[in-house]
Amino acid sequence: QVQLVESGGGWVQPGGSLRLSCAASGSIFGFNIMGWYRQAPGKERELVAVISTIGNTNYGDSVKGRFTISRDNARNMVYLQMNNLKPEDTADYYCKFRSAVYDVWGQGTQVTVSS
């Protein structure tokens, strides 16, 4: 089974940057989509960004132009570069793996943006 471990979260001031990492292990073969979702207190979990094995990407409207997702298939890593962070970006960020047969979620990493 695929396992995911996120890292890189923390506190940052508005306008700052963070880079989240997701390390994947297990049976990662064939076409798949990996990405990031976030959930703030009292809100639904929402799409941040996803990327396929071949590099196709999709971003949530609220992060377009500020966040960039990338992946290194050789190292089984997915990254989320977050620039120009805003207080509304504060949330728990979760890495997700999706294949044709199952979904896997990481444990999450906290991102707090405040002055």
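Values reported hereafter were calculated over all heavy atoms of this structure, with side chains retained and with hydrogens, waters and symmetry mates removed. Quick note: residue numbers are just sequence positions, from 1.
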Which atom names give the shortest non-hydrogen contact between V113 and T90, and what distance separates them?
->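 Nearest heavy atoms, V113 then T90: N-OG1, 2.9 Å.
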Looking only at non-hydrogen atoms, find the nearest pair between N84 and R66 and report the distance.
->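 Answer, listing the atom of N84 first, then R66: O-NH1, 3.0 Å.
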Can you name the side-chain hydrogen bond (donor to acceptor under 3.5 Å, both in side chains) partners of [X], sequence neighbours left out?
| X | value |
| --- | --- |
| S62 | R38 |
| D61 | K64 |
| R71 | N32, N73 |
| Q110 | T112 |

Indicate, with yes or no, if [Y] and [X] share a hydrophobic cluster defined by side-chain heavy-atom contacts under 4.5 Å among Ile, Leu, Val, Met, Phe, Trp and Tyr.
| X | Y | answer |
| --- | --- | --- |
| M34 | V101 | yes |
| L85 | I69 | yes |
| L4 | L80 | yes |
| V63 | V50 | no |

Sub-3.5 Å donor-acceptor pair from the side chain of S52 to the main-chain atoms of I33, do we have one?
-> no
Would you say T109's side chain and G9's backbone share a donor-acceptor pair under 3.5 angstrom?
-> yes
Spatial distance of atom CD (Q3) from atom CD1 (I28) [nearest 0.5 Å] | 10.0 Å
Atom pair CG (N58) and CG (L47), whose distance is rounded to the nearest 0.5 Å |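 Interatomic distance, N58 CG to L47 CG, rounded to 0.5 Å: 6.0 Å.
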How would you list all residue pairs meeting ring pair (Phe, Tyr, Trp, His ring centres under 6.0 Å) that involve residues 75-97, not counting sequence neighbours?
-> F97-Y102
In residues 11-27, what donor-acceptor pairs under 3.5 Å come from side-chain atoms, sequence neighbours left out?
| from | atom 1 | to | atom 2 | distance (Å) |
| --- | --- | --- | --- | --- |
| W11 | NE1 | S114 | O | 3.4 |
| W11 | NE1 | S114 | OG | 2.9 |
| S17 | OG | N83 | OD1 | 2.9 |

Validation row, ring centre W36 to ring centre F67 under 6.0 Å |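 When the ring centroids of W36 and F67 are compared, they turn out to be at least 6.0 Å apart.
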Flag yes if more than 12 heavy atoms outside E44 fall under 6.0 Å of its CD atom; otherwise flag no.
->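 For E44, atom CD is not crowded (no more than 12 foreign heavy atoms under 6.0 Å).
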Any side-chain heavy atom of K96 within less than 4.5 Å of one from D103?
->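 Yes, side chains in contact.
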Matching residue for W105 among R98, E6, R45 - test: side chain to side chain contact (heavy atoms under 4.5 Å, CB included) | R45
